[in-house]
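Throughout, numbering of the chain's residues begins at 1 and tracks the sequence. In each ligand, atom 1 is the first atom listed, and ligand 1 is the first ligand listed.
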Amino acid sequence: MKKILLKLLLIFTFMFSALSFGAEKLFVGTNAEFEPFEYLKDGAIVGFDMDLINEISKIIGKECEIKNIAFDGLLPALQSKKLDIIIAGMTATDERKKFVNFSDTYYLAQQMIVLNSDAKTNIKTFDDLPGKSVGVILGYTGDVAVSEIKGVNVTRFNGTGAAIMALKSQKVDAVVLDSEPATQYASQNKELVVIETDAAKEEYAIAFRKEDTQLLEEVNKALKILKENGKYQELLKKYNLIKE
Ligand code: GLN
(Lines give C-alpha, C1' and ligand atoms only; values in the text may rest on other atoms or scores of the structure.)
Protein backbone atom coordinates (compact mmCIF):
# COMPACT_ATOMS: atom_id res chain seq x y z
CA MET A 1 0.00 0.00 0.00
CA LYS A 2 2.76 2.39 0.99
CA LYS A 3 4.58 1.65 -2.24
CA ILE A 4 1.51 2.40 -4.32
CA LEU A 5 0.97 5.66 -2.49
CA LEU A 6 4.57 6.61 -3.02
CA LYS A 7 4.29 5.81 -6.70
CA LEU A 8 1.13 7.88 -6.99
CA LEU A 9 2.83 10.74 -5.23
CA LEU A 10 5.75 10.56 -7.61
CA ILE A 11 3.44 10.53 -10.62
CA PHE A 12 1.55 13.56 -9.32
CA THR A 13 4.74 15.46 -8.56
CA PHE A 14 6.00 14.72 -12.05
CA MET A 15 2.73 15.78 -13.67
CA PHE A 16 2.58 18.92 -11.61
CA SER A 17 6.13 19.99 -12.38
CA ALA A 18 5.59 19.25 -16.08
CA LEU A 19 2.48 21.43 -16.03
CA SER A 20 4.08 24.30 -14.22
CA PHE A 21 7.13 24.07 -16.48
CA GLY A 22 4.76 24.35 -19.45
CA ALA A 23 3.20 27.43 -17.92
CA GLU A 24 6.60 29.13 -17.75
CA LYS A 25 7.08 28.91 -21.50
CA LEU A 26 6.47 32.10 -23.43
CA PHE A 27 5.39 32.12 -27.05
CA VAL A 28 7.14 35.01 -28.72
CA GLY A 29 5.89 36.26 -32.08
CA THR A 30 7.99 37.97 -34.71
CA ASN A 31 8.18 38.44 -38.46
CA ALA A 32 11.66 37.51 -39.64
CA GLU A 33 11.90 39.89 -42.59
CA PHE A 34 13.22 42.92 -40.82
CA GLU A 35 17.01 42.91 -40.81
CA PRO A 36 18.86 43.57 -38.52
CA PHE A 37 16.10 43.14 -35.91
CA GLU A 38 14.84 39.75 -37.09
CA TYR A 39 15.77 37.82 -40.20
CA LEU A 40 16.53 34.33 -41.39
CA LYS A 41 20.11 33.14 -41.57
CA ASP A 42 20.74 29.55 -42.65
CA GLY A 43 17.17 28.72 -41.67
CA ALA A 44 17.46 30.19 -38.17
CA ILE A 45 15.69 33.32 -36.93
CA VAL A 46 18.39 35.71 -35.78
CA GLY A 47 18.78 39.43 -35.09
CA PHE A 48 18.89 42.11 -32.42
CA ASP A 49 15.35 41.43 -31.19
CA MET A 50 16.03 37.69 -30.89
CA ASP A 51 19.20 38.26 -28.85
CA LEU A 52 17.40 40.82 -26.71
CA ILE A 53 14.45 38.55 -25.91
CA ASN A 54 16.85 35.70 -25.12
CA GLU A 55 18.72 37.88 -22.64
CA ILE A 56 15.41 39.04 -21.14
CA SER A 57 14.10 35.49 -20.78
CA LYS A 58 17.33 34.45 -19.01
CA ILE A 59 16.78 37.20 -16.45
CA ILE A 60 13.07 36.52 -15.89
CA GLY A 61 13.67 32.76 -15.84
CA LYS A 62 11.28 31.81 -18.61
CA GLU A 63 11.77 29.76 -21.71
CA CYS A 64 10.90 31.35 -25.05
CA GLU A 65 9.60 29.74 -28.18
CA ILE A 66 9.81 31.95 -31.26
CA LYS A 67 6.97 31.92 -33.79
CA ASN A 68 7.58 33.47 -37.19
CA ILE A 69 4.34 34.80 -38.66
CA ALA A 70 3.12 37.57 -41.02
CA PHE A 71 3.46 41.02 -39.45
CA ASP A 72 -0.24 41.88 -39.71
CA GLY A 73 -1.09 38.57 -37.99
CA LEU A 74 0.99 39.33 -34.88
CA LEU A 75 -1.49 41.46 -32.93
CA PRO A 76 -4.48 39.12 -33.57
CA ALA A 77 -2.33 36.14 -32.50
CA LEU A 78 -1.43 37.94 -29.27
CA GLN A 79 -5.09 38.72 -28.55
CA SER A 80 -6.17 35.13 -29.19
CA LYS A 81 -3.37 33.86 -26.88
CA LYS A 82 -1.43 32.06 -29.57
CA LEU A 83 1.39 34.40 -28.54
CA ASP A 84 2.36 35.92 -25.19
CA ILE A 85 4.81 38.53 -26.42
CA ILE A 86 5.55 40.31 -29.70
CA ILE A 87 9.05 41.52 -30.48
CA ALA A 88 9.23 42.58 -34.10
CA GLY A 89 10.66 46.07 -34.44
CA MET A 90 7.11 47.06 -33.63
CA THR A 91 6.37 50.74 -33.19
CA ALA A 92 4.37 51.61 -30.09
CA THR A 93 1.66 53.64 -31.84
CA ASP A 94 -1.37 55.18 -30.13
CA GLU A 95 -3.64 53.05 -32.29
CA ARG A 96 -1.93 49.81 -31.16
CA LYS A 97 -1.91 51.00 -27.55
CA LYS A 98 -5.71 50.75 -27.60
CA PHE A 99 -5.35 46.97 -27.85
CA VAL A 100 -2.02 46.06 -26.25
CA ASN A 101 0.49 47.30 -23.69
CA PHE A 102 4.04 48.14 -24.69
CA SER A 103 7.29 47.78 -22.76
CA ASP A 104 9.72 50.65 -22.37
CA THR A 105 11.23 51.76 -25.66
CA TYR A 106 14.27 49.79 -26.82
CA TYR A 107 15.04 51.54 -30.13
CA LEU A 108 14.23 54.74 -32.03
CA ALA A 109 13.66 54.59 -35.78
CA GLN A 110 11.86 56.49 -38.51
CA GLN A 111 10.41 55.93 -41.96
CA MET A 112 12.67 56.32 -45.00
CA ILE A 113 12.15 56.24 -48.75
CA VAL A 114 14.00 53.65 -50.84
CA LEU A 115 14.53 54.38 -54.56
CA ASN A 116 16.34 52.93 -57.54
CA SER A 117 19.56 54.93 -57.75
CA ASP A 118 19.18 55.61 -61.49
CA ALA A 119 15.50 56.58 -61.18
CA LYS A 120 14.45 59.98 -62.47
CA THR A 121 11.48 60.21 -60.16
CA ASN A 122 12.60 63.39 -58.35
CA ILE A 123 11.40 62.04 -55.05
CA LYS A 124 13.12 63.84 -52.19
CA THR A 125 10.52 63.96 -49.43
CA PHE A 126 7.13 62.52 -48.54
CA ASP A 127 5.59 65.59 -50.26
CA ASP A 128 6.85 64.26 -53.60
CA LEU A 129 4.95 60.95 -53.29
CA PRO A 130 1.51 62.01 -54.66
CA GLY A 131 1.19 60.83 -58.26
CA LYS A 132 3.80 58.10 -57.69
CA SER A 133 3.36 54.41 -57.13
CA VAL A 134 4.71 53.52 -53.71
CA GLY A 135 5.25 50.10 -52.17
CA VAL A 136 4.61 49.54 -48.47
CA ILE A 137 4.29 46.46 -46.29
CA LEU A 138 0.81 45.54 -45.09
CA GLY A 139 0.10 46.84 -41.59
CA TYR A 140 3.46 48.57 -41.08
CA THR A 141 3.56 52.11 -39.78
CA GLY A 142 4.90 53.01 -43.26
CA ASP A 143 1.65 51.67 -44.72
CA VAL A 144 -0.35 53.89 -42.37
CA ALA A 145 1.80 56.97 -43.12
CA VAL A 146 1.72 56.62 -46.92
CA SER A 147 -1.99 55.72 -46.98
CA GLU A 148 -2.71 59.06 -45.32
CA ILE A 149 -1.11 61.03 -48.18
CA LYS A 150 -3.65 61.92 -50.86
CA GLY A 151 -3.03 60.94 -54.47
CA VAL A 152 -0.44 58.20 -53.86
CA ASN A 153 -0.89 54.94 -55.72
CA VAL A 154 -0.17 52.53 -52.84
CA THR A 155 0.75 48.89 -53.39
CA ARG A 156 0.80 46.73 -50.25
CA PHE A 157 3.19 43.79 -49.99
CA ASN A 158 3.29 40.94 -47.49
CA GLY A 159 6.92 41.45 -46.57
CA THR A 160 9.91 43.75 -47.06
CA GLY A 161 11.54 41.32 -49.52
CA ALA A 162 8.61 41.41 -51.94
CA ALA A 163 8.40 45.21 -51.75
CA ILE A 164 12.11 45.65 -52.52
CA MET A 165 11.89 43.16 -55.40
CA ALA A 166 9.01 45.14 -56.92
CA LEU A 167 11.10 48.31 -56.61
CA LYS A 168 14.12 46.73 -58.29
CA SER A 169 11.96 45.53 -61.18
CA GLN A 170 10.45 49.05 -61.41
CA LYS A 171 6.92 47.92 -60.60
CA VAL A 172 6.80 50.69 -57.99
CA ASP A 173 8.66 54.03 -57.95
CA ALA A 174 9.57 53.91 -54.26
CA VAL A 175 9.26 51.86 -51.10
CA VAL A 176 8.64 53.42 -47.69
CA LEU A 177 10.20 51.42 -44.89
CA ASP A 178 11.74 51.73 -41.41
CA SER A 179 15.24 53.24 -41.35
CA GLU A 180 17.31 50.21 -40.37
CA PRO A 181 15.97 47.60 -42.82
CA ALA A 182 15.89 50.33 -45.50
CA THR A 183 19.61 51.13 -45.06
CA GLN A 184 20.36 47.44 -44.82
CA TYR A 185 18.72 46.75 -48.21
CA ALA A 186 20.51 49.71 -49.78
CA SER A 187 23.88 48.54 -48.50
CA GLN A 188 23.25 45.07 -49.95
CA ASN A 189 21.96 46.34 -53.33
CA LYS A 190 24.15 48.86 -55.13
CA GLU A 191 21.21 49.88 -57.36
CA LEU A 192 19.19 51.16 -54.40
CA VAL A 193 19.45 54.41 -52.45
CA VAL A 194 17.80 55.56 -49.26
CA ILE A 195 16.43 59.02 -48.63
CA GLU A 196 16.21 60.20 -45.07
CA THR A 197 12.99 61.99 -44.31
CA ASP A 198 11.84 64.29 -41.56
CA ALA A 199 9.25 61.69 -40.53
CA ALA A 200 8.56 61.49 -36.82
CA LYS A 201 10.67 59.18 -34.66
CA GLU A 202 9.08 55.83 -33.91
CA GLU A 203 9.60 53.97 -30.65
CA TYR A 204 10.14 50.23 -30.92
CA ALA A 205 8.79 48.28 -27.97
CA ILE A 206 7.70 44.80 -26.94
CA ALA A 207 3.93 44.15 -26.95
CA PHE A 208 1.82 42.31 -24.35
CA ARG A 209 -1.85 41.58 -23.75
CA LYS A 210 -3.46 44.31 -21.62
CA GLU A 211 -4.03 41.95 -18.71
CA ASP A 212 -0.44 40.64 -18.56
CA THR A 213 0.81 43.52 -16.44
CA GLN A 214 3.10 41.36 -14.29
CA LEU A 215 4.93 40.00 -17.32
CA LEU A 216 5.26 43.55 -18.68
CA GLU A 217 6.81 44.71 -15.41
CA GLU A 218 9.24 41.78 -15.33
CA VAL A 219 10.34 42.51 -18.90
CA ASN A 220 10.77 46.22 -18.17
CA LYS A 221 12.93 45.38 -15.15
CA ALA A 222 15.02 43.02 -17.27
CA LEU A 223 15.40 45.68 -19.98
CA LYS A 224 16.62 48.12 -17.33
CA ILE A 225 19.18 45.59 -16.07
CA LEU A 226 20.44 44.96 -19.61
CA LYS A 227 20.75 48.70 -20.25
CA GLU A 228 22.69 49.13 -17.01
CA ASN A 229 25.02 46.14 -17.32
CA GLY A 230 26.17 47.01 -20.84
CA LYS A 231 24.60 44.00 -22.58
CA TYR A 232 22.08 46.16 -24.45
CA GLN A 233 24.86 48.41 -25.79
CA GLU A 234 26.84 45.33 -26.76
CA LEU A 235 23.89 44.03 -28.81
CA LEU A 236 23.38 47.42 -30.49
CA LYS A 237 27.03 47.30 -31.54
CA LYS A 238 26.81 43.69 -32.69
CA TYR A 239 24.06 44.62 -35.14
CA ASN A 240 25.61 47.93 -36.15
CA LEU A 241 22.80 49.90 -34.59
CA ILE A 242 25.04 52.54 -33.04
CA LYS A 243 27.67 54.51 -34.79
CA GLU A 244 30.63 54.97 -32.52
N1 GLN B 1 8.08 49.53 -37.19
C2 GLN B 1 7.12 49.12 -38.15
C3 GLN B 1 5.78 48.90 -37.52
O4 GLN B 1 5.69 48.77 -36.36
C5 GLN B 1 7.57 47.88 -38.92
C6 GLN B 1 7.81 46.73 -38.04
C7 GLN B 1 8.23 45.45 -38.70
O8 GLN B 1 8.13 45.22 -39.81
N9 GLN B 1 8.74 44.50 -38.07
O10 GLN B 1 4.79 48.83 -38.19
task = Would you give the length of the straight line joining atom CG of Asn101 to atom CG of Asp212, rounded to the nearest 0.5 angstrom?
result = 9.0 Å
message = Counting C-beta onward and ignoring hydrogens, is there a side-chain heavy-atom pair between Phe157 and Val172 closer than 4.5 Å?
response = yes
query = Just distances here: any N/O of Ala88 and N/O of ligand 1 closer than 3.5 Å?
reply = yes
inquiry  = Between ligand 1 and Gln111, is the shortest N or O to N or O distance under 3.5 Å?
reply    = no
Residues which pass ring-ring contact (aromatic ring centres under 6.0 Å, His included) with Tyr204, listed by chain and number, not counting sequence neighbours = Phe37, Tyr107
inquiry  = I need the atoms of ligand 1 closer than 4.0 Å to a non-hydrogen atom of Tyr204, numbered in the order shown.
reply    = 1 (N)
request  = Kindly confirm or rule out an N or O of Phe34 lying under 3.5 angstrom from an N or O of ligand 1.
outcome  = no
query = Which option, Glu203, Arg96, Glu38, Glu180, owns the non-hydrogen atom nearest atom 4 (O) of ligand 1?
reply = Arg96
Test item, Glu33 contacting ligand 1 (heavy atom, 4.0 angstrom) = no
remark   = ligand 1 to Met90, heavy atom cutoff 4.0 Å, flagged ligand atoms 4 (O)
key: Residues in ring-ring contact (aromatic ring centres under 6.0 Å, His included) contact with Tyr39, at least two apart in sequence or another chain   = none
message = If you define the side chain from C-beta out and look only at heavy atoms, does anything of Lys237 sit under 4.5 Å from Ile242?
response = yes
inquiry  = Determine whether Glu228 and Lys224 satisfy the following criterion, salt bridge (charged side-chain N to carboxylate O under 4.0 Å, His left out), listing intermediate values before the conclusion.
reply    = CA-CA 6 Å; Glu228 280 165 7; Lys224 200 160 171 267; 3.6 Å; yes
ask   = Side chains of Leu83 and Val28: does their closest heavy-atom pair fall under 4.5 Å?
value = no
ask   = Tell me, do Phe126 and Gln111 make a side-chain contact under 4.5 Å, heavy atoms counted?
value = yes
task = Mark up the atoms of ligand 1 that fall under 4.0 Å of a heavy atom belonging to Thr91, in ascending order.
result = 1 (N), 2 (C), 3 (C), 4 (O)
Under-4.0 Å heavy-atom contact with ligand 1, by part of Tyr140 that carries it = both
remark   = Looking only at protein heavy atoms, what sits closest to atom 6 (C) of ligand 1 is Gly89 O, 3.2 Å
inquiry  = Looking at ligand 1, would Asp178 count as a contact under a 4.0 Å heavy-atom criterion?
reply    = yes
